[in-house]
Amino acid sequence: MRRSQLFLPTLKETPTEAQIVSHRLMLRAGMVRQTSAGIYAWLPMGYRVLKKIEQIVREEQDRSGAQEVLMPTIQSADLWRASGRYDDYGKEMLRIKDRHERDMLFGPTNEEMITEIFKAYVKSYRELPKNLYHIQWKFRDEVRPRFGVMRGREFLMKDAYSFDLDYAASKHAYNKMFVAYLKTYDRMGLKAIPMRADTGPIGGDLSHEFIILADTGESQVFCHKDYIDFDIANQAIDFDDVAGVQKIVERWTSLYAATDEKHDTAEFEKIPAERRVSARGIEVGHIFHFGTKYSDPLGAKVAGPNGEPVTVLMGSYGIGVSRLVGGIIEASHDDNGIIWPESVAPWGVGVVNLKVGDAECDKVAGDLYEKLEKAGREPLYDDRDERPGSKFADMDLIGLPWQIAIGPRGIKSGVVELKNRKTGEKQELSPEAALKRLTA
RNA sequence: CGGGGUGUAGCGCAGUCUGGUAGCGCAUCUGCUUUGGGAGCAGAGGGUCGGAGGUUCGAAUCCUCUCACCCCGACCA
């Protein structure tokens, strides 16, 4: 993409309404525009990042055996009356009437709808297990939206729903999601720590929040320091291996980790003092086993092995996709701007032509741009006739992992400058060597 | 939903107390000079001062109502 063609309205000054760093940077980098409180339009760069995150989530869901569907944003109130939640949900639910005065709503979640769909088709235990997910916009009419996309009213969420015949199977479904989540966050360059969450009236140990550590996080969290060094990156997972998956879950739940609501000071203090981590965190996912809470009132039953009706056990598994855009920035930025992990960066490399119009610079920069494009590195070529300083500042702001600066000074001695956004490390090397470094 | 605050050019703000030609910086456009970390000079364009009523010869400014947005708290992916 050529910067001169791109719709990327970056700002030098920070709009006052933005209080936290990710919100400020998202506005300054021209990623989103607020259209109402807690509702955002996604501009090209923001949307590219959103789609990359979404795609990683999708791939890891698919890998774990879940199947993607797409359910509507608008739902009928009748469904929610059947589960009893229409009245319970309160003012957070955006209620709408259609032209026939029928009660509708903009879905805040989809348990009722997926259960209804499941129930309509699945009649036998032989068809289990099933895990269906979708990635769709939700609306919760928060009293007080804030923190930009981190807590908007409209937000993109991946929600998966598992259906199983008995508790053991249901637990395996839960464990698979647990592991898929670890993989998902890891691929985004995030260290997400599963923390025990409130299980409500169901009880048991099957609910976890996935928290990433960031200084500006919304809640206080406590955990054992060893979690920081836990690694899932290069582990091949066999999701059909019940014991193997269970083992991974056990490892990741073996140490203390809790948000302030569930914090137990006595337990925490059993950890050696130098291994205690008390930090701020952002919730980026929540998985929950809720048994028959919805299948029972909605009558989701299958025929069991002996022909008897069995109410299925369910779980639901959410990832805040749009929230992650803000979350990643909170976890990865500096004074100059965003620092994108490679996997979610809107473009892979920034090619900065420091003197547009200079024949040599144009040639070398244009050539590098084309080759990087061909190599699939998704370069962003800053071919604007701007001053070098403002191009560097802009490039740092939008946070692409790599920058190549091509200027007359370097060209004279046959070199360009390759800069790593994260480390700030710069080195001069020939255009060919730079290309090789980035495409190896 | 309680408490507090702000609405003036795309962004950041002054002007409001004490009514009298709507301003500044950045951004934008033109020209010249500049060109390796957000340039300099000269010129230009851009506003129903959030909206509706009212007071007044005259309202960004005073009064009433209203809408939007932000912050703290309670609540939440």
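Below, read A as the first sequence line, B as the second, and so on, with proteins coming before strands; counting in each chain starts at 1. Only heavy atoms go into these numbers, but all of them, side chains included; no hydrogens, no water, no symmetry mates.
Of the candidate nucleotides B/rG37, B/rA77, B/rG36, B/rG36 has the atom lying nearest to any side-chain atom of A/Leu354. For A/Lys12, whose side chain is taken as the heavy atoms from C-beta onward, the closest listed nucleotide among B/rA27, B/rC75, B/rC11 is B/rA27. For A/Ser390, the listed nucleotide lying nearest its side chain is B/rG38; candidates were B/rG37, B/rG38, B/rC1. Checking B/rG12, B/rA77, B/rA74 against the side-chain heavy atoms of A/Val143 singles out B/rA74 as nearest.
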Mind running ring pair (Phe, Tyr, Trp, His ring centres under 6.0 Å) on A/Tyr89 and A/Trp80 for me, showing each step along the way?
CA-CA 9 Å; A/Tyr89 220 93; A/Trp80 287 69; 5.6 Å; yes
List the steps and the verdict of ring pair (Phe, Tyr, Trp, His ring centres under 6.0 Å) for A/His289 and A/Tyr167.
CA-CA 10 Å; A/His289 176 265; A/Tyr167 183 79; 5.6 Å; yes
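Nucleotides B/rG7 and B/rC13 are separated by 9 Å at their P atoms, to the nearest Å. Only the P atoms considered, B/rG37 is 41 Å distant from B/rG50, to the nearest whole Å.
Taking only side-chain nitrogens and oxygens, A/Arg144 never comes nearer than 4.0 Å to OP1 or OP2 of B/rC76. Under 4.0 angstrom from either OP1 or OP2 of B/rU35 there lies no side-chain N or O belonging to A/Arg387.
The separation between A/Arg409 atom CZ and B/rU34 atom P is 18 Å, rounded to whole Å. Atom P of nucleotide B/rG12 and atom CD of A/Gln19 are separated by 12 Å, given to the nearest angstrom.
Below the 3.5 angstrom threshold, one finds a donor paired with an acceptor across the side chain of A/Arg151 and the base of B/rC76. For A/Arg28 and B/rG38, a side-chain-to-base donor-acceptor distance below 3.5 Å is present, hydrogens and geometry of angles not being considered. If you check distances only, the side chain of A/Glu13 does reach the base of B/rG25 with a donor-acceptor pair under 3.5 Å.
A/Ile193 places a side-chain heavy atom less than 4.5 Å from the side chain of A/Cys223. Between A/Gln61 and A/Glu68, the closest side-chain pair of non-hydrogen atoms is not below 4.5 Å.
B/rG38 has no stacking from A/Phe392 on its base ring, since the centres under 5.5 angstrom apart and planes within 30 degrees of parallel are not both found.
Remark: A/Arg2 is not positioned above the aromatic ring of A/Tyr381, lacking an NZ or CZ atom under 6.0 angstrom from the ring centre and at most 45 degrees off the axis.
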